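Report on one structure; see the data block that follows.
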Amino acid sequence: DDAISSVLADLRDADELVLVDDASTDDGPIIAERHARDRRVVRVTSPGLGLVRALHRGLEVCRGDLIARMDAELSK
C-alpha cells in the first residue's frame with residue numbers, strides 16, 4: 001500500500017502504474033483495487049504464471065517508452 005502510494009505521488013498525469021497480481025494470496029488484490037480508482041493505475045491479473053511470465057504479461061499492457069520494475073514477495 002505504501003509503495004503504491006509513493007509511486008503514484010511521483011507520477012505525472014500522463015504516466016501509468018501497472019500492477020500485476022500473479023495469483024497472490026495476501027491483501028494485494030484488495031490494495032490494488034483501492035488504488036485502481038486512480039486513472040493512472042492499470043490492474044493486470046494472472047492465474048499464477050510465475051514471475052517471468054507475469055512480468056511479460058505486465059509488459060504487454062505498458063504504453064510508455066520507459067519502464068521501471070518494482071516487486072516484492074512475502075516470505076512464508
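Note that the structure is predicted; figures quoted are calculated from it, not measured. No hydrogens, no waters, no symmetry mates; every other heavy atom, side chains included, goes into these values.
Between Ser46 and Ala54, the shortest heavy-atom contact is OG-CB, 4.1 Å.
For the atom pair Asp27 CG and Arg34 CZ, the distance stands at 8.5 Å (nearest 0.5 Å). Asp13 CG to Asp38 CG: the interatomic distance, rounded to the nearest 0.5 Å, is 9.0 Å. Separation of atoms NE2 (His35) and CD1 (Ile4) is listed at 4.5 Å; rounding is to 0.5 Å.
Residues passing the side chain to side chain donor-acceptor pair (under 3.5 Å) test with Ser5: none are found, sequence neighbours excluded. Qualifying side chain to side chain contact (heavy atoms under 4.5 Å, CB included) partners for Leu55, counting only residues two or more places apart in sequence or in other chains: Leu51, Arg69. With sequence neighbours excluded, the residues forming a side chain to side chain donor-acceptor pair (under 3.5 Å) with Arg12 are Asp15, listed by chain and number. Every side chain to side chain contact (heavy atoms under 4.5 Å, CB included) that Ala3 has, sequence neighbours left out, goes to Met70. Partners of Arg53 under the side chain to side chain contact (heavy atoms under 4.5 Å, CB included) rule, at least two apart in sequence or in another chain, are Leu49.
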Can I get a per-line list of side-chain donor-acceptor pairs under 3.5 Å for residues 57-65, giving both atom names and the distance, sequence neighbours left out?
residue: Arg57; atom: NH1; partner: Glu60; partner atom: OE1; Å: 3.1
residue: Arg63; atom: NE; partner: Glu16; partner atom: OE1; Å: 3.1
residue: Arg63; atom: NH2; partner: Glu16; partner atom: OE1; Å: 3.0

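Leu17 and Val42 fall into different hydrophobic clusters, where Ile, Leu, Val, Met, Phe, Trp and Tyr are joined by side-chain heavy atoms under 4.5 Å apart, directly or via other members. Residue Ile31 is grouped with residue Val7 when hydrophobic side chains (ILVMFWY) are merged at heavy-atom distances under 4.5 angstrom, including chains of intermediate members.
Side-chain N or O atoms of Asp21 include none that pairs as donor or acceptor with a backbone N or O of Thr45 at under 3.5 Å.
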